[in-house]
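Down below is the structure, laid out as structure tokens.
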Amino acid sequence: MTWTLPDTPAAETLRPYDLRCEHLATPSGIGVAVPRLSWRLASDRRGDAQAARRVRVTGPGGVLAWDSGWIEDEDVSADYGGAPLTSFARYAWQVEVRPADGPATAAESWFGTGVLHPDEWRAAWIGHDPETEPPFEPPTDDPEPRGARTAHLPAPRCFRTELALSPATSVRIACTARGLYELRVNGHRVGDGELTPGWTDYRQRVPYQVHDVTDLIGDGPACVGAVLADGWWSGSLGWDGRRQAQHYGRDPQLLVQIVADHPDGSRTVAGTDEGWRESTGPLRYADLLMGEWYDARLEHDGWDLPGFDDSAWAPARVVDTGHGVLVPTAAEPVRVTEELRPVSTSESGGRTVVDLGQNIAGRVRLTLRGAARGDRVTLRHGEALTDDGALYTANLRSAEATDHYVAAGRPEETYEPRFTVHGFRYVEITGAPADVEVTGRVLHSDTPVAGEFSCSDAMVRQLTSNLRWSQRGNFVSVPTDCPQRDERLGWTADAQVFLPTACYNADVAAFFTGWLADLRSAQTAEGAVPDVVPHVMTGRHGTPGWGDAATIVPWHLYHVYGDERVLRDSLPSMRRWVDHVERHNPGLIWRTRVGSHYGDWLQAGVRTSRDVLATAFFALSAELTAKAAGVLGDNTARDRYAGLRARIGEAFAREFVAADGRITGDTQTGYLLALAYGLVPGELVPAAVGHLVADLERRGRRLTTGFAGVGLLGPVLSEHGRHDLAYALLHDDRYPSWGYSIKRGATTIWERWDGWTEETGFGPVAMNSFNHYALGSVGAWLYGGVAGIGQEEGSVGFRRPLIRPLPGGTLRWAEAAHDTPLGRLRSRWEVSGGVLRLEVQVPPGALATVHVPTTDPSSVRESGAPVDGVATDSALVCRAGSGRHVFTAAWER
Ligand code: BGC
């Protein structure tokens with residue numbers, strides 16, 4: 001298990017593959033009436049394209065629910081158009097595609113439905129009833145008491161019921177928690193999702209999952225059970241401390257609905273109610289930030305099997321019966337996607353420190369042999385070690401990130417925490433027997449890998465690895481800032497600046513769909529967007545570059561995935577955001593704060609003008625809103641925001657751009673924002689580029705950018721013919737640079753350029769995460785610039801790919817692949833002996849514009865033959881239809 005791009009299927013002729021429903025592979029419980037079905041295309045033939053397609057959907061009992069008939073077009077998605085879907089059903093679907101001159105081929109998949117009508121919910125929310133609680137008696141041989149921060153954490157509880165479900169042709173369970181749940185049926189854990197149901201803005205929507213448990217049901221009575229823990233609902237969250245951090249509720253609650261279909265056509269529907277029984281179990285507490293305390297001596301053997309005597313358990317309490325905010329889960333669940341073996345183990349002050357060799361979000365699984373009953377093993381997690389080899393935890397702030405396991409005394413016992421997650425590379429273990437096995441378990445939202453980048457330079461490869469690991473470590477149900485300290489919040493700028501890189505690496509369409517729903521619903525009545533989504537901290541909103549996630553994220557998702565629905569859902573929110581900023585800044589220079597202002601957060605040693613930064617984002621948001629309105633055919637709105645954008649542009653130029661092209665503040669980020677967002681009057685662009693370049697040169701080719709500017713360095717410099725400078729920054733390993741952290745052994749992207757320096761050692765502990773992806777937003781330039789995989793202006797969903805690689809720096813070769821909605825797009829270049837070789841793979845149905853880099857456009861050949869194209873200073877520009885193309889060209893540098 002590693003995070004690598006899967007192979008595309010071999011395809012002598014055009015064929016569909018990788019079928020999705022609502023952007024998800026085989027979702028088991030969708031909740032929309034008109035799901036979108038989509039597929040990718042593969043073909044080994046040159047110039048292949050889909051000429052016609054047909055989708056058929058079959059419902060329960062093999063009944064045909066929809067036949068689209070053959071439709072002659074190139075669309076690789078179809079909106080379901082058949083009979084109304086029914087709840088808790090499984091639908092098989094098939095897509096057939098046909099090229100203009102070949103046979104039709106088909107592929108199949110399925111999707112399941114959840115609860116399509118709210119009145120179909122029967123289950124009630126249940127929880128723990130303190131009134132009926134039997135007094136909790138910890139074992140008398142309890143080792144030490146808990147720490148101060150965990151003393152008040154309540155114990156997660158187990159809930160169970162037994163019921164008759166057989167004979168059944170299918171049994172499905174819809175399950176969720178205000179908290180976290182682990183579902184069990186007849187002794188088995190159900191599903192492979194972790195930290196379910198995931199985090200959303202629970203005040204607005206609580207996601208549920210649908211599990212098919214047919215195979216777990218035998219002949220006799222069935223036992224359905226669940227363990228329920230605090231999670232995001234009632235556990236520690238952010239830095240507020242637990243009291244205030246119980247943002248949603250004091251106690252977790254559970255909701256389970258069981259639907260069994262019988263051979264005679266009847267259906268049993270049952271759910272959580274006061275007939276369920278509950279008890280504490282082996283978990284003494286479980287908290288996302290603090291960790292877990294598991295006492296194996298307190299396990300109830302067989303509690304999740306039928307026949308268990310639960311007479312000593314208390315009746316569950318029905319806490320409410322409202323289902324208003326239940327929504328089917330919109331994205332891939334968090335899963336364990338990889339296991340890591342320790343790379344080394346050391347001893348420091350009598351403690352064992354295990355190094356996994358990689359900073360991750362996750363936890364460890366322990367296998368202990370020979371532990372005595374009552375032995376307590378303690379696991380502390382950290383991202384770094386101090387100089388004397390001890391675990392460094394100062395940067396975790398109040399997150400204890402500590403798990404305790406109290407052994408039952410069996411010859412072999414295995415423990416893995418379930419309701420917590422840590423950001424760490426090192427684990428300090430105390431109290432374990434000599435025979436202990438440690439396995440790192442990597443946890444994150446299981447978004448499908450959609451891209452890969454590699455090149456000849458080891459440091460750049462490490463950078464690529466680091467930013468992928470930071471994506472994995474921070475996409476944990478929502479896009480977070482960091483996985484380790486007492487924060488782990490959905491900071492909107494972090495998500496926004498990293499999004500282009502994230503989309504190249506993985507298919508995040510579904511992942512961001514749910515998050516955007518939370519962003520929209522958290523917008524204030526005025527239109528301000530909170531700084532963190534899900535919105536859990538009051539008083540922080542309306543921040544330039546943060547709030548603009550409201551326009552940037554939907555637009556970019558549309559650009560990459562070509563699904564207009566994201567714009568339809570978001571346009572009102574985009575407008576409200578822009579209107580809000582405008583209302584407070586009628587002069588169109590965004591000077592009046594409408595909330596917080598962090599400027600170019602974590603910039604290195606400079607101060608980019610906050611007004612420049614804010615106004616640049618204002619212009620960008622107005623522009624994207626105009627474009628979105630245009631796509632949706634709302635021409636009035638399009639004209640209004642396009643007009644606004646033009647006026648902001650004029651105001652910006654008047655206020656901030658001097659006659660010599662200098663931009664107020666004279667910082668790299670100031671120039672980058674103004675150039676990238678088209679805010680420098682045409683005739684002054686060369687001068688502004690000159691100032692940017694001069695600043696870089698003056699600093700010995702070193703960057704000063706923070707969150708807002710860093711991702712623009714590569715694109716802007718290459719756009720203006722200075723990718724030599726972009727490469728200089730990429731290869732740099734002096735402070736501040738990406739290479740500096742890599743030289744120090746970083747395996748993820750650091751939050752700050754000075755996370756650690758020779759002069760000061762570890763950076764300020766108040767804010768020093770070693771796993772923050774914002775500064776990793778350079779990834780998009782590696783794919784889009786270095787390897788040159790992008791889209792032509794105006795193209796969406798990669799219909800018109802642009803392949804424009806940038807050989808340069810010390811690289812001898814680079815390559816990237818990306819799974820576009822049509823299929824795989826790939827580019828690989830290599831220079832050797834005065835010849836550049838460019839290999840391009842274009843998916844069926846796409847027509848690519850290829851810039852073959854060369855020092856002599858007349859030398860360009862494809863498979864030995866001259867190529868038709870337009871010569872530029874540095875390339876021959878030609879067209880390439882689908883299939884594999886190999887170009888060669890002179891390269892005299
Ligand atoms: C977070 C950031 C975030 C910032 C806002 C920090 O604490 O970790 O990544 O964007 O606050 O200023």
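Whatever order the structure lists them in is the order used to number ligands and atoms, beginning at 1.
Formation of a donor-acceptor pair under 3.5 Å by the Asp494 side chain with backbone atoms of Asp481 is not found in this model.
For ligand 1, the atoms closer than 4.0 angstrom to any heavy atom of Phe707 are 9 (O), 10 (O). Close approach of ligand 1 to Glu751 is summarised as follows: ligand atoms under 4.0 Å from at least one heavy atom of the residue are 8 (O). The atoms of ligand 1 that sit less than 4.0 Å from any heavy atom of Asp481 are 1 (C), 8 (O), 9 (O). Shown in contact with His772 at under 4.0 Å from a heavy atom are these atoms of ligand 1, numbered in order with element: 1 (C), 2 (C), 8 (O), 9 (O).
Side chains of Ser621 and Met574 form no contact here, defined as non-hydrogen atoms less than 4.5 Å apart.
Considering only non-hydrogen protein atoms, atom 4 (C) of ligand 1 sits nearest to Trp601 NE1, 3.5 Å. Protein heavy atom closest to atom 5 (C) of ligand 1, with residue, atom name and distance, is Trp491 CZ3, 3.4 Å. Closest protein heavy atom to atom 7 (O) of ligand 1: Glu487 OE2, 2.6 Å. Protein heavy atom closest to atom 9 (O) of ligand 1, with residue, atom name and distance, is Asp494 OD2, 2.4 Å.
Of all the heavy atoms of Arg485, the ones lying under 4.0 Å from any atom of ligand 1 belong exclusively to the side chain.
For His818 and Tyr504, the ring centers sit closer than 6.0 Å to each other. Under the 6.0 Å cut-off for aromatic ring centres, Trp546 and Tyr598 qualify, their centroids lying closer than that. For Phe618 and Phe652, the distance between ring centers is not under 6.0 angstrom.
Under the 4.0 angstrom criterion for non-hydrogen atoms, Arg488 is not in contact with ligand 1.
Ring geometry, Trp738 versus Trp753: the interplanar angle exceeds 60°, so the pair is classed perpendicular (tilted spans 30 to 60°). Taking the six-membered ring where tryptophan is involved, the planes of Phe762 and Tyr392 are essentially parallel, since the angle between them stays under 30° and well short of 60°.
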